[in-house]
Amino acid sequence: MRIEPNFLNAVLQRPDGAIGSLASLLRGRAAFKRALAAQIPLNPASLCYRQSILSMIEDAKASGGAVYLVTAADQQIADSVQAHLGCFDGVKGSDGIRNLKGREKLAWIEEKFPSGFIYAGDSKADLAVWRAATGAILVGKGTSYADEIAESGIPLMVVKDNDCSTIKSWLREFRPHQWSKNLLIFIPMFAAHLSGNISAIRQMVAAFFIFSMLASATYVINDLFDLAADRQHPTKRFRPLASGAIPPLYAAMVAVTMVAGGLFAGAALSPTFAILMSSYTVMTLAYSARLKTVPMLDVAMIGGLFTLRVLMGSVLLGLPLSPWLNSFSVFFFFSLALAKRHGEIISAKGKVGKRRGYNTDDWPLTLALGTSSAMAAIVILLLFIVEEAQKSGVYSSPSWLFGAPLCVFLWVLRIWLLSSRGELHDDPVIFAVRDRVSYLLGSIVVACVALAS
């Protein structure tokens, strides 16, 4: 069982309360923990429990042994865990005055169990307790002290967590498959006919990976915000953070480092690019913290984040911002964001409660706004071909370009059909990457542009 630092929970859920509680540090760490526990009551069902340890507890109690939860966390947290699990003979935590950690914990345990005890722990602070125990159980980070404990001659057991903080777990958390969305930054390069410019290609490839690093950091931050909900979700509970494979504190540190590194690298490419990356980060954090539960504003934010990727490509290459491309992007990606939300509403029909702030009766509104936005995007694309592409002289046979809006029209129709049936389970962009029909229509668009040139 892991009881994560409550300060991280407080910062994510109530930053004002977390900052206000810092004053209690003047009265010691125990007082600080008590203030945090009062600010953010812990939901014990949202914690990650080691099933191997719970099984040991059951075996110990079956053999007549007494099992206590002794933690440096505040007593309120310890009591809530006991109320949830009900498997301990007693619980003891920090009381607002005494910080029950290290030697303070050892003193309490020796007073309570003078005839000896077996202790399970997971941190360096537990070394003093292990050395005084008749048996040591090492879990989590505590496994790194196995040799040190063995030298003391104390019988020990090492309990390894499955896939804890492995490369595989971190890769899953970074979601590299989501990087396909970041390919949108290449669109201005192709639209400006710079696909043969080696310098432009190198710059865009570098920008792609820099921005993808930043985007992965925002996925980690989003999972930190959603940690409690994910742990109670039927499928999301298997994510690395929710399952406990990656400790939340480590994830927060890595995410902050990646954001800082991404912005620094982005600034080296272009200060304006870095500003847009900063805007993306702020918008994503606002979305994760509050705005994703505000109907309509949530999909407007998602559409804006997609459009921001296109803007990044333009400013990085020093291109003038195209009113055609940018207005198309706004309406097109707003429609796609609504398609996903519409599908969720359709799938939730007959279920009680709201889904991300939407009622199940909202489907006519999401359908109307989503399809009309898609049609607006296609009209903009048609007007671009008629008013600019045909008159620019860039294309030798511009009539072939009309195949592009036709394919986009057919693709959007399919997206909204699947959404209305409740069969659109992925983000539409991710869906397109995995969908054969999308590849076919995309190939036709490429062919039409090639024939028009």
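We use all heavy atoms of the structure for the numbers below, so side chains are in, but hydrogens, waters and symmetry mates are not.
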Practice problem: Evaluate the criterion side chain to side chain contact (heavy atoms under 4.5 Å, CB included) for residue pair Leu441 and Arg414; output intermediate values, then yes/no. | Solution: CA-CA 11 Å; Leu441 292 173; Arg414 185 161 183 262; 6.0 Å; no
Practice problem: Kindly determine whether Val220 and Ile246 satisfy side chain to side chain contact (heavy atoms under 4.5 Å, CB included), including the steps that lead there. | Solution: CA-CA 11 Å; Val220 176; Ile246 296 176; over 6 Å; no
Quiz item: Passes side chain to side chain contact (heavy atoms under 4.5 Å, CB included), Met296 versus Leu369? Steps please.
Solution: CA-CA 10 Å; Met296 292 301 161; Leu369 287 176; 3.8 Å; yes
Quiz item: Checking side chain to side chain contact (heavy atoms under 4.5 Å, CB included) for the pair Gln178/Ile430: CA distance, chi angles, key distance, verdict?
Solution: CA-CA 7 Å; Gln178 296 280 2; Ile430 298 299; 3.4 Å; yes
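Smallest separation of non-hydrogen atoms from Leu316 and Met204: CD2-SD, 3.8 Å. Taking each heavy atom of Ala207 and Phe273 in turn, the nearest pair found is CB-CZ, 3.8 Å. When all heavy atoms of Pro188 and Val310 are compared, the pair lying nearest together is CG-O, 3.2 Å. Closest approach of Ala72 to Ser94, counting heavy atoms only: O-OG, 2.7 Å. Shortest non-hydrogen contact noted between Phe334 and Ser373 is CD2-OG, 3.2 Å.
The closest donor-acceptor contact from the side chain of Ser322 to the backbone of Leu325 lies under 3.5 Å. The main-chain N or O of Gly370 is found under 3.5 Å from a side-chain atom of Ser335 such that the two form a donor-acceptor pair. Not a single donor-acceptor pair under 3.5 Å links the side chain of Ser347 to the backbone N or O of Glu344. Judged by distance alone, the side chain of Arg202 and the main-chain N or O of Ala200 form no donor-acceptor pair under 3.5 Å. For the pair Ser396 (side chain) and Ser453 (backbone), a donor-acceptor distance under 3.5 Å is present. Judged purely by atom type and a 3.5 angstrom limit, Ser419 has no side-chain atom pairing as donor or acceptor with the backbone of Ile415. Without hydrogens or angle criteria, Ser392 side chain to Ala389 main chain gives a donor-acceptor distance under 3.5 Å. Checked by atom type and distance alone, the side chain of Ser80 pairs as donor or acceptor with a backbone atom of Ile77 at under 3.5 Å. A donor-acceptor contact shorter than 3.5 Å is absent between the side chain of Ser420 and the backbone of Leu417. Of the possible donor and acceptor atoms, none in the side chain of Asn359 sits under 3.5 Å from a partner among the backbone N and O of Asp361.
A perpendicular orientation is assigned to the rings of Trp179 and Phe209, their planes being inclined by more than 60° (bins at 30° and 60°). Under the 30°/60° scheme for interplanar angles, the aromatic rings of Phe186 and Phe208 are found to be tilted.
Counting heavy atoms from C-beta outward, Phe333 and Leu308 have side chains that stay 4.5 Å or more apart. The shortest side-chain heavy-atom distance between Pro240 and Trp170 does not fall under the 4.5 Å cut-off. Ile302 is listed as a side-chain neighbour of Arg341, based on a closest heavy-atom distance under 4.5 Å.
Note: Leu54 CG to Tyr49 OH = 8.5 Å, rounded to the nearest 0.5 Å. The CE atom of Met312 lies 12.0 Å from the CG atom of Leu269; values are rounded to the nearest 0.5 Å. Rounded to the nearest 0.5 Å, atoms CG (Asp95) and NZ (Lys33) are 11.0 Å apart. One finds the CD1 atom of Ile346 at 6.5 Å from the OG1 atom of Thr366 (value rounded to the nearest 0.5 Å). Remark: Glu423 CD to Phe431 CZ distance equals 9.5 Å, nearest 0.5 Å. Note that CG of Leu381 is 9.5 Å distant from CZ of Phe332, once rounded to the nearest 0.5 Å.
Under the side-chain hydrogen bond (donor to acceptor under 3.5 Å, both in side chains) criterion, the residue pairs touching residues 307-317 are Asn182-Arg309, Tyr280-Arg309, with sequence neighbours excluded.
The residues Arg239 and Asp226 are annotated as not salt-bridged, no charged nitrogen and carboxylate oxygen being separated by less than 4.0 angstrom. Salt bridge status for Glu104 with Lys101: absent, with no side-chain N to carboxylate O gap under 4.0 Å.
By the neighbour-count criterion of 12 heavy atoms within 6.0 Å, atom CH2 of Trp416 is densely surrounded, having more than that number from other residues, nucleotides or ligands.
For Phe328 and Trp324, the distance between ring centers is not under 6.0 angstrom.
Between the side chains of Asp126 and Tyr145, no donor-acceptor pair of N or O atoms lies under 3.5 Å.
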